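Just so it is clear, the values below take in all heavy atoms, side chains as well, and ignore hydrogens, waters and symmetry mates. All values derive from a computational prediction rather than experimental measurement.
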Amino acid sequence: MNILNIPQIKHTESGNFFLLSGPCAIEGEEMAMRIAEKLVGITDKLQIPYVFKGSFKKANRSRIDSFSGIGDEKALKILRKVSETFHVPTVTDIHTNEDADMAAQYVDVLQIPAFLVRQTDLVVAAANTGKTVNLKKGQFMSPESMKHAVQKVLDCNNQNVMVTDRGTMFGYQDMIVDFRGIPTMQQYASTVLDVTHSLQQPNQTAGVTGGRPDMIETVAKAGIAVGVDGIFIETHFDPANAKSDGANMLHLDYFEDLMTKLVAIRKTINTF
């Protein structure tokens, strides 16, 4: 994948990793714009190619009473407003074939959730929109198996595909990142490390996913050190009260410090 094919992507000559970041879910316009403004300022300052991330709906929830969204069209319009206001591309996840065409009218990158990456019809529907497709590696899949998911997109005459590692199941209630998988998947497509979802602790008895946000910096540094192409981090100015995945999101106040460290590591790695 050539990130230059993502509309409005900036700082592509900086030599930095690219970044997909934003809240887990779009909870409203004010919160999305507040987070986007902060992230755009940081990434412009540090010359990081940036894509704003926000889910327009959350279909894969542990419990039926969990927050699933504010309305599909309403959330998608907020994503478009973020893009038009800050001149950055946007990414959102889709869950059905119908979502692909609908979301493609508002965002620049369509993301296939990890649980759904084996669903051929969904991957093909995303690829056929012509948008860049981000395939999240299933927690249950090997890095090598992702070449088949990538090939589905390529077979639709869409070269704009990336793969995101979001950890592998380690028992029933924990995740682990196998950094050997990054160079393996880079043979198939540009590869992103989803830092925050890799630190989830799923299948909790309360029906709410836990997490280890204290390990975000450690995993992110390791990903940059092994040469990952991009980093995915969910963030919020009030994670404790976020409507989705608050347990593993990075507080927005800590974002610039972490990015500064990662840029410094990338600069060193680029000398080798």
Side-chain angles (χ1 to χ4, degrees), residues 1-7 9 17-20 24 49 51-60 72 76 79 89-169 175 177-195 197-198 200 202 223 227-232 234:
M1 182 199 73
N2 187 342
I3 64 169
L4 291 173
N5 292 334
I6 301 177
I9 194 82
F17 54 90
F18 62 90
L19 174 69
L20 285 70
C24 179
V51 181
F52 177 84
K53 185 270 168 183
S55 297
F56 76 95
K57 69 178 175 183
K58 301 298 296 182
N60 51 340
D72 294 355
L76 287 167
L79 283 164
T90 54
V91 55
T92 198
D93 7 30
I94 60 172
H95 302 85
T96 67
N97 298 357
E98 293 75 21
D99 284 350
D101 286 333
M102 177 176 62
Q105 299 176 50
Y106 296 90
V107 303
D108 304 292
V109 181
L110 298 178
Q111 181 168 282
I112 307 299
F115 283 125
L116 299 177
V117 76
R118 288 285 302 272
Q119 298 298 110
T120 299
D121 287 350
L122 179 61
V123 173
V124 168
N128 283 338
T129 67
K131 297 288 184 176
T132 297
V133 179
N134 183 22
L135 302 167
K136 300 196 82 173
K137 185 183 80 65
Q139 303 93 316
F140 44 87
M141 293 173 67
S142 70
E144 291 80 6
S145 66
M146 286 303 293
K147 66 181 177 183
H148 305 298
V150 170
Q151 192 62 48
K152 291 175 185 178
V153 179
L154 299 178
D155 286 346
C156 295
N157 297 313
N158 187 341
Q159 302 296 312
N160 300 315
V161 56
M162 64 178 106
V163 174
T164 294
D165 191 342
R166 49 94 72 240
T168 300
M169 289 301 298
M175 310 286 294
V177 177
D178 181 356
F179 289 98
R180 299 173 299 176
I182 290 174
T184 297
M185 291 187 290
Q186 284 176 321
Q187 299 176 61
Y188 319 132
S190 297
T191 301
V192 178
L193 176 61
D194 180 344
V195 178
H197 285 104
S198 295
Q200 281 185 333
V228 76
D229 299 297
I231 290 287
F232 180 112
E234 289 185 341

Do [X] and [Y] touch side chain to side chain, with heavy atoms closer than 4.5 Å?
{"X": "Pro113", "Y": "His95", "answer": "yes"}
{"X": "Ile112", "Y": "Val133", "answer": "yes"}
{"X": "Thr129", "Y": "Asp101", "answer": "yes"}
{"X": "Arg118", "Y": "Met141", "answer": "yes"}
{"X": "Met102", "Y": "Phe56", "answer": "yes"}
{"X": "Val153", "Y": "Leu135", "answer": "yes"}
{"X": "Ser198", "Y": "Met175", "answer": "no"}
{"X": "Leu79", "Y": "Phe52", "answer": "yes"}

Under 3.5 Å: donor-acceptor pair, side chain of Thr184, backbone of Glu144: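 Side chain of Thr184 to backbone of Glu144: no pair is present.
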
Donor-acceptor side-chain pairing of [X] and [Y] below 3.5 angstrom:
{"X": "Lys53", "Y": "Thr92", "answer": "no"}
{"X": "Thr164", "Y": "Asp194", "answer": "no"}
{"X": "Asp121", "Y": "Asn97", "answer": "no"}
{"X": "Asp178", "Y": "Thr168", "answer": "no"}

Less than 4.0 angstrom from a charged side-chain N to a carboxylate O is my criterion; do Asp99 and Lys57 meet it?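 Looking at Asp99 and Lys57, the cut-off is met.
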
Heavy-atom closest pair, residues Ala103 and Ile94: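 Minimum heavy-atom separation between Ala103 and Ile94: CB-CG2, 3.9 Å.
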
List the atom of Val161, the atom of Met1, and the distance in Å for their closest heavy-atom pair.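 Looking at all heavy atoms of both residues, the closest pair is O-CB, 3.2 Å.
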
Quick check for you: to the nearest 0.5 Å, what is the distance between Lys136 atom NZ and Met146 atom CE?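 It comes to 11.0 Å.
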
When rounded to the nearest 0.5 angstrom, what is the spacing between CZ in Phe18 and CD1 in Ile6?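 Phe18 atom CZ to Ile6 atom CD1 measures 6.5 Å (nearest 0.5 Å).
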
Parallel, tilted or perpendicular: ring planes of Phe115 versus Phe140, cut at 30 and 60 degrees: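 Ring orientation, 0 to 90° scale: parallel.
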
Tell me which one of Asp108, Ile3, Asn5 satisfies side chain to side chain contact (heavy atoms under 4.5 Å, CB included) with Asn160.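 The option that passes is Asn5.
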
